[in-house]
Visitor: 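Quick one: this structure, given as structure tokens, is what I'll be asking you about.
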Protein chains: 2
Amino acid sequence: MNGVTFGNLAQRKRQLVRDELAEAALKLLAFRGFEETTIDEITAAAGVSRRTFFRYYKSKEDVIIEFLGHVGEEMQAALAARPASETPTQALRQTLTVFTDACVAYPEKSVRLTRLILTTPSLTARYLERQLEWKNKLAAQLQKRLGGKNNLRPVVLIGMAFAALDAALDTWSASDGKQDLAELLDEAFAIAFSAD
Amino acid sequence: MNGVTFGNLAQRKRQLVRDELAEAALKLLAFRGFEETTIDEITAAAGVSRRTFFRYYKSKEDVIIEFLGHVGEEMQAALAARPASETPTQALRQTLTVFTDACVAYPEKSVRLTRLILTTPSLTARYLERQLEWKNKLAAQLQKRLGGKNNLRPVVLIGMAFAALDAALDTWSASDGKQDLAELLDEAFAIAFSAD
DNA sequence: CCGCGTGTGGCACTGAGTGTCAACAGTGGC
DNA sequence: GCCACTGTTGACACTCAGTGCCACACGCGG
């Protein structure tokens with residue numbers, strides 16, 4: 001074939017630089033504050049040029065938000081995979097397990113990340129925007145599942161599920177990860193999806 | 001008194017400049033696109049210097065978001081004013097009337113604004129951040145009303161109310177303001193606060 | 001008329017983000 | 001081993017957002 005097959009060596013080098021930047025960013029931003037830290041300081045710590053930073057991340061906010069990875073796509077797939085026998089509530093509760101499991105798998109890092117996001121206005125804004133994308137994906141998926149022509153219902157149900165998730169996450173990060181996130185989410189779901 | 005009594009003349013001049021900037025911004029941003037319009041173009045249209053712009057608004061996003069005004073404080077006051085005989089659901093539904101009434105009072109402008117916000121990522125982000133402030137205010141207010149020690153419940157209920165509002169607003173702006181916003185919100189509330 | 005507070009414009013500066021280009025390294029064909 | 005191709009990188013220059021600073025003008029009160 002013409003040119004390069006592109007062995008995984010180059011790709012692993014890319015991943016290395018990407019991780020180096022992400023770790024340096026999280027350390028500096030959490031320690032010295034988001035607004036107070038410049039991209040030049042991050043790139044200096046990671047040992048690459050400023051120009052290279054923007055080849056991996058769109059902005060300073062992006063480095064942090066990208067820690068969330070592809071949770072949106074994974075949740076959409078998880079919802080699609082739930083058996084049709086489940087009620088929407090049950091299916092949504094199980095779908096959000098994708099998110100909470102990631103938090104529980106790396107508790108200390110997740111708490112640090114959550115605190116940084118919730119205490120930095122511009123990060124909060126970007127995070128909520130990302131969450132909105134997740135909601136839209138999941139609402140479309142739920143629309144398929146419910147099958148009706150009422151497009152209000154799936155959107156409302158997804159909004160409720162995330163209202164429960166947000167409440168659980170707030171309490172969880174406020175307790176420094178000491179409370180059980182899954183239990184908190186169960187409790188929040190019980191409040192949302194039952195008696196008014 | 002020392003110095004200036006500060007008659008309302010100066011204040012009205014300030015309000016005049018503020019409005020001029022806001023109108024010029026909305027016109028240009030909606031017409032030519034948010035990212036494509038520079039602050040210099042807005043200030044040129046309003047007839048003031050770039051430096052003056054930043055004495056009235058913190059950023060380009062801010063000009064648009066400020067159109068929302070003090071809805072947050074007004075909703076908090078509205079919730080506080082609801083009679084104790086109402087159920088939380090009823091009280092919240094009435095509280096959101098503050099928002100929807102403002103939309104219905106200036107339908108064409110509200111739809112333009114909503115579309116601009118929802119189609120511009122950085123505006124969506126800032127809007128959601130503002131909405132989060134509203135939620136926090138209202139959750140604190142609802143906490144007082146409910147009186148219990150369970151802080152999960154008010155947060156979840158507020159989240160549900162806004163899930164209903166968001167869904168209604170989406171549908172409303174998608175219909176170009178032709179559907180009845182109050183009816184849409186009633187419908188969304190019925191979905192959220194009843195059978196799961 | 002004179003001081004005082006306030007609004008304004010101009011200027012310089014930092015930082016974010018982008019386009020462009022030359023240098024360089026890995027890969028495959030010969 | 002040589003060479004062409006391709007992707008990554010760093011350096012430079014540029015635009016735009018946002019801020020600090022200072023001099024100037026206006027309205028008001030004494």
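Here is the naming used below: chain letters follow the sequence lines, and residue numbers restart at 1 for every chain.
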Visitor: What I'd like to find out is whether the side chain of Leu184(A) reaches to under 4.5 Å of the side chain of Ser175(A), using heavy atoms alone.
Guide: no
Visitor: Give every residue pair that meets the ring pair (Phe, Tyr, Trp, His ring centres under 6.0 Å) criterion with at least one member in residues 146-181 of chain A, sequence neighbours excluded.
Guide: none
Visitor: Starting at CD1 of Ile39(A) and ending at P of dG10(D), how long is that distance when rounded to a whole Å?
Guide: 15 Å
Visitor: State whether Tyr56(A) places a side-chain N or O below 4.0 Å from either non-bridging phosphate oxygen (OP1 or OP2) of dT9(D).
Guide: yes
Visitor: Using a 4.5 Å cut-off on heavy atoms from C-beta on, say whether the side chain of Leu96(B) contacts that of Phe189(B).
Guide: yes
Visitor: Within the distance-only criterion (no hydrogens, no angle test), does the side chain of Lys60(A) pair as donor or acceptor with the backbone N or O of Thr37(A) below 3.5 angstrom?
Guide: yes
Visitor: Can you tell if the side chain of Ile191(B) reaches within under 4.5 Å of the side chain of Asn150(A), non-hydrogen atoms only?
Guide: yes
Visitor: Rounded to the nearest angstrom, tell me the gap between atom CZ in Phe54(A) and atom P in dT8(D).
Guide: 18 Å
Visitor: Rounded to the nearest Å, what distance is computed from the CD atom of residue Glu61(B) to the P atom of nucleotide dA16(C)?
Guide: 16 Å
Visitor: For the pair Arg145(A) (side chain) and Arg82(A) (backbone), establish whether a donor and an acceptor sit closer than 3.5 Å, ignoring hydrogens and angles.
Guide: yes
Visitor: Starting at CZ of Arg14(A) and ending at P of dT6(D), how long is that distance when rounded to a whole Å?
Guide: 18 Å
Visitor: Would you mind reading off the distance between Glu41(B) atom CD and dT15(D) atom C1', rounded to a whole angstrom?
Guide: 12 Å
Visitor: What is the distance, to the nearest angstrom, from the CG atom on Asp40(A) to the P atom on dA11(D)?
Guide: 12 Å
Visitor: Kindly write out the residues that satisfy ring-ring contact (aromatic ring centres under 6.0 Å, His included) with Phe99(B), not counting sequence neighbours, or none if the list is empty.
Guide: Trp134(B)
Visitor: Name all pairs fulfilling the ring pair (Phe, Tyr, Trp, His ring centres under 6.0 Å) condition that reach into residues 31-52 of chain A, sequence neighbours left out, sorted by first residue then second.
Guide: none
Visitor: Round to the nearest Å and state the distance from Gln11(A) atom CD to dG7(D) atom C1'.
Guide: 11 Å
Visitor: Hey, does the side chain of Lys13(B) come within less than 4.0 Å of dG7(C)'s phosphate (OP1/OP2), counting only N and O?
Guide: no
Visitor: When the C1' atoms of the five terminal pairs at each end define the local axes, what inter-axis angle does the helix from dC1(C)-dG30(D) to dC30(C)-dG1(D) show, to 10 degrees?
Guide: 0°
Visitor: Could you go over nucleotides 9-12 of chain C and give all protein N or O partners under 3.5 Å, atom names and distances?
Guide:
residue : atom : partner  : partner atom : Å
dG9(C)  : OP2  : Ser49(B) : N            : 3.1
dG9(C)  : OP2  : Ser49(B) : OG           : 2.9
dG9(C)  : OP2  : Thr52(B) : OG1          : 2.2
dG9(C)  : N7   : Arg55(B) : NH1          : 3.2
dG9(C)  : O6   : Arg55(B) : NH2          : 2.5

Visitor: Enumerate the residues from residues 16-24 of chain B whose closest heavy atom to DNA chain C is under 4.0 Å, giving them by residue number; use none for an empty result.
Guide: Val17(B)
Visitor: Are the side chain of Glu66(B) and the backbone of Val63(B) linked by a donor-acceptor contact shorter than 3.5 Å?
Guide: no
Visitor: Decide whether a cation-pi geometry holds between Arg14(B) and Tyr56(B); the criteria are a distance under 6.0 Å from NZ or CZ to the six-membered ring centre and an angle within 45° of the ring axis.
Guide: yes
Visitor: How close or far is atom C1' of dT6(C) from atom CD of Gln15(B), stated in whole angstroms?
Guide: 17 Å
Visitor: Decide yes or no on salt bridge (Lys or Arg N to Asp or Glu O under 4.0 Å) for Asp186(A) and Arg93(A), but give the supporting numbers first.
Guide: CA-CA 8 Å; Asp186(A) 282 333; Arg93(A) 173 64 187 85; 2.7 Å; yes
Visitor: So what does Tyr57(A) touch, heavy atoms closer than 4.0 Å: a base, only the sugar-phosphate, or nothing?
Guide: nothing
